There are 2 protein chains.
Amino acid sequence: MKQKGIKIPEATIKRLSAYINCLERLDDKGYQVVSSELLGESCQVSPAQIRKDLSYFGEFGVRGVGYTTKTLTEQIKVILGLDRIWPTVLVGVGHLGHALLNFTFFREHGYRMVAAFDSDPRKIGTEVAEGLHIQPIEELVETSNREKAAIGIVTVPASSAQSTADLLVEGGVSGILNFAPFKVKVPEHVTLRNVSIVSELDNLAYLLSSKKPRRRRKKIK
Amino acid sequence: MKQKGIKIPEATIKRLSAYINCLERLDDKGYQVVSSELLGESCQVSPAQIRKDLSYFGEFGVRGVGYTTKTLTEQIKVILGLDRIWPTVLVGVGHLGHALLNFTFFREHGYRMVAAFDSDPRKIGTEVAEGLHIQPIEELVETSNREKAAIGIVTVPASSAQSTADLLVEGGVSGILNFAPFKVKVPEHVTLRNVSIVSELDNLAYLLSSKKPRRRRKKIK
DNA sequence: CGGGTATTGTGATAACTATCACGATACTCT
DNA sequence: AGAGTATCGTGATAGTTATCACAATACCCG
Ligand SMILES: NC(=O)c1ccc[n+]([C@@H]2O[C@H](COP(=O)([O-])OP(=O)(O)OC[C@H]3O[C@@H](n4cnc5c(N)ncnc54)[C@H](O)[C@@H]3O)[C@@H](O)[C@H]2O)c1
Ligand SMILES: NC(=O)c1ccc[n+]([C@@H]2O[C@H](COP(=O)([O-])OP(=O)(O)OC[C@H]3O[C@@H](n4cnc5c(N)ncnc54)[C@H](O)[C@@H]3O)[C@@H](O)[C@H]2O)c1
C-alpha cells in the first residue's frame, strides 16, 4: 500500500478512468467478481498493469479470488475524486460546446454543468441543454463564484482562449479543460489540461503514412 | 539523422502536431526564423525536447540561426503525413459527430470529409455540413470503398461502436478514430486510436481532489 | 579573415513506466 | 485439516522517454 507523496504516473490515472467503464460493463453482464485477467481483457490492459495501477493506492482485491466488481468501481471513483459533484461551467457554446453540454455521460459521472457562457448576443438566453440557458460572458465571474464552479471548460476559438481562461480563474475555478488549440497560461494554483482532438487525428495520419501501404481490395472479377 | 526502423515516441508525434500550430502562429506574427527556444516558449516545451523530437527525422535547422518557420512547418507536415489529402468518413451524426463535421480546422489540415452516416432514418438526407448530406448506414461500405476513405471516425453510442468499426473495416479504411467509450477490436492491418474526453476530465478531477484545497476568495467587506 | 556569438544536433545520463516473476494468501474439495 | 488451485501484491528488472551538456557549425562584424 502506498498513497503518500509518491508520484502516480499520469497513464495510470488515465487507465483508472477506463477501468471504471469496463467494470460497469462487466457488472451489467453479471460479474459480481472480476479477476485482473478478465478486467484486463475487457479493457485491453495487461493483468499485471492493472494490479500495479491499483497497488499505488492500496489493496482492493482478495488473493485467489479477485475484486468485487461494485466495490472496486466505488473505490476507483474515490481515488479519482468522482465520489462527489464537480460544479462545472462551459464557455463558448458553439458546435463543440453544444455537444459537450449535451453529453449525458458527464452528468452521470458527477460533473454538474451549472452554467454556460457565450459572447454572441444572439445566443444569450437560449436553452442549450435541459434547464441550462446560455448567459452572457459578462456574467461569468459572478455566476462562477456564486455557483462555486470548480471546473471550467473552454470551447471558444483559439484567439479568445487566453482571455476566457483569465475570466475562469477570476471566477474561482480550480481546474480548466481547454479544447482550443492554444497553450493558455494560468496561475500556479489552477490546474490546466489541454485536449487536442486534432493531434489525435494527426497521430493517426502519421501512423497510416509511415506504415506499409496495403492494396485496397479490388472487385472480384 | 535517423528515420529508419527506429521507434518514435508517441509523445513526440503528439508534440510535432502542436509545433505546427505554434509555427503557424509565429509565422503570422512575422517570425521568418524561429529558434528552438522561441518555439519552445510558444508551445510550452523545452528547447532540448524540440530539438530531440526533430532529430529523430533529420536535420532541419541551421546552427547559430534556428529554423526557417515556413520550411519547418512544411517538413513537419511531411513527417506526419499531412502533405496529402486524407479522405475521411464519419459515422454517427449526433451531437459530437455534428461538431466534428463542422470543425473547419480538419479541412484546413488535409482531412476531407467525404461522407457521413447515421442509422436514424429521420436524419438521412440532412445537409450536416457544407455539401455533405447524411447517408444511411447501409451505404457505408459501398460509399467508403468508392471514395477510397482512409480514415473512419466513430461517434456512435458505445453499444454500436464495434459493429460500426466492423463496417468501416469492410469499407476499406486504414485507420479509425474512436470517440465511443468502448474498446473496439480491429484487424491487424487497421490502425485504431481511441479518444477519451471523459478520461481527460476524470484526470482533472483527480488532480483537483488530490491537491491541497485553496480557500475560495471571500468578498472584500 | 579571424574571433565572438548564437543555436543546433546528439551522445550520455537521469527519470520514469511497464513487465515479469514469484511469494503470499484465500478459497475449494475431499 | 491439508493439498491443490487461483489470483493478488510487489520488489526486481527491462524498456522507454526526457533532460543535460557540449561539440559542431553558421553567421556577424570589424
Ligand atoms: N468543433 C470541433 O469538433 C472541435 C474539435 C476540437 C477542438 N475544437 C476547438 O474548440 C473551439 C470551439 O470550436 P467550435 O467548432 O465549437 O467553434 P464555434 O465557432 O462553433 O464555437 C465557438 C463559440 O464561442 C463563442 N465565443 C467566441 N469568442 C468568445 C468569447 N471571447 N467568450 C465567449 N464565447 C466566445 C462563439 O460565439 C461561438 O458560439 C475551437 O477553439 C476549436 O479549435 C473544436
Ligand atoms: N457529446 C460529446 O460531447 C461526447 C464526448 C465524448 C465522447 N462522446 C461519445 O461519442 C458518441 C456519440 O455521442 P453523442 O453525444 O454525439 O451522442 P448522440 O446520441 O447525440 O449521437 C449518436 C448518433 O449515432 C447514431 N447512431 C446510433 N447507432 C448507430 C449505428 N449503429 N450506426 C450509425 N449511426 C448510429 C444516432 O442516430 C445518433 O445520431 C458516444 O459514444 C459518446 O460516448 C460524446
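Note that the structure is a prediction, hence the values are computed from the model and not measured. Here is how names work: the chains are called A, B, and so on, in the same order as the sequence lines, proteins then strands, and each is numbered from 1.
For C:dA18, the OP1/OP2 oxygens have a side-chain nitrogen or oxygen of A:R15 closer than 4.0 Å. Using a 4.0 Å cut-off, no side-chain N or O of A:Y67 falls inside it from OP1 or OP2 of D:dA6. Dashed line: the shortest gap from a side-chain N or O of A:R51 to OP1 or OP2 of D:dC8 is under 4.0 Å.
A:Q49 places its CD atom 8 Å from the C1' atom of C:dT19, with the value rounded to the nearest Å. We find that CG of A:L54 is positioned 15 Å from P of C:dT19, with the value rounded to whole Å. Between the CD1 atom of A:I50 and the P atom of C:dT19 there is a distance of 11 Å, given to the nearest Å. At whole-Å resolution of the value, NZ in A:K7 and C1' in C:dA18 are 14 Å apart. Atom P of nucleotide D:dT17 and atom CD1 of B:I8 are separated by 10 Å, given to the nearest angstrom. Nucleotide D:dG9 holds its P atom 12 Å from the CG atom of A:L39, rounded to whole Å. Atom CZ in A:R63 sits about 8 Å away from atom P in C:dA26, given to the nearest Å. Between the CG atom of A:D53 and the P atom of C:dA18 there is a distance of 7 Å, rounded to whole Å.
Which of D:dC27, D:dT19, C:dA18 sits closest to the side chain of B:S46 comes down to D:dT19. Here C:dG9 is the nucleotide among D:dT10, D:dA18, C:dG9 with the atom lying nearest to any side-chain atom of B:E59. Candidate nucleotides C:dC20, D:dG11, D:dT19 were compared by shortest atom distance to the side chain of A:A48, and C:dC20 ranks first. Comparing D:dT17, C:dT17, C:dC27 by their nearest atom to the side chain of A:A11 picks out C:dT17.
The residue among A:P9 and A:V62 whose nearest nucleotide of DNA chain C is located toward the 5' end is A:P9. With DNA chain C read from its 5' end, the first of the two nearest nucleotides for A:E10 and A:V65 is the one closest to A:E10.
When all heavy atoms of B:N203 and A:K14 are compared, the pair lying nearest together is ND2-N, 4.3 Å. Nearest heavy-atom pair, A:L96 versus B:L96, reported as atom, atom and distance to 0.1 Å: CD1-CD1, 4.3 Å.
Here B:D83 does not pair with B:K77 in a salt bridge; the nearest charged N to carboxylate O distance is not below 4.0 Å. We find that B:E59 and B:R51 are not joined by a salt bridge, their nearest charged nitrogen and carboxylate oxygen being 4.0 Å or further apart. The pair A:E147-A:R112 fails the salt-bridge criterion, with no side-chain N (NZ, NE, NH1 or NH2) lying under 4.0 Å from an Asp/Glu carboxylate O.
Here the side chains of A:V33 and A:V62 are not in contact, with every heavy-atom distance at 4.5 Å or above.
Aromatic ring orientation, B:F105 versus B:H109: parallel (interplanar angle below 30°, classes split at 30° and 60°).
Taken residue by residue, residues 27-37 of chain A places no heavy atom nearer than 4.0 Å to DNA chain C.
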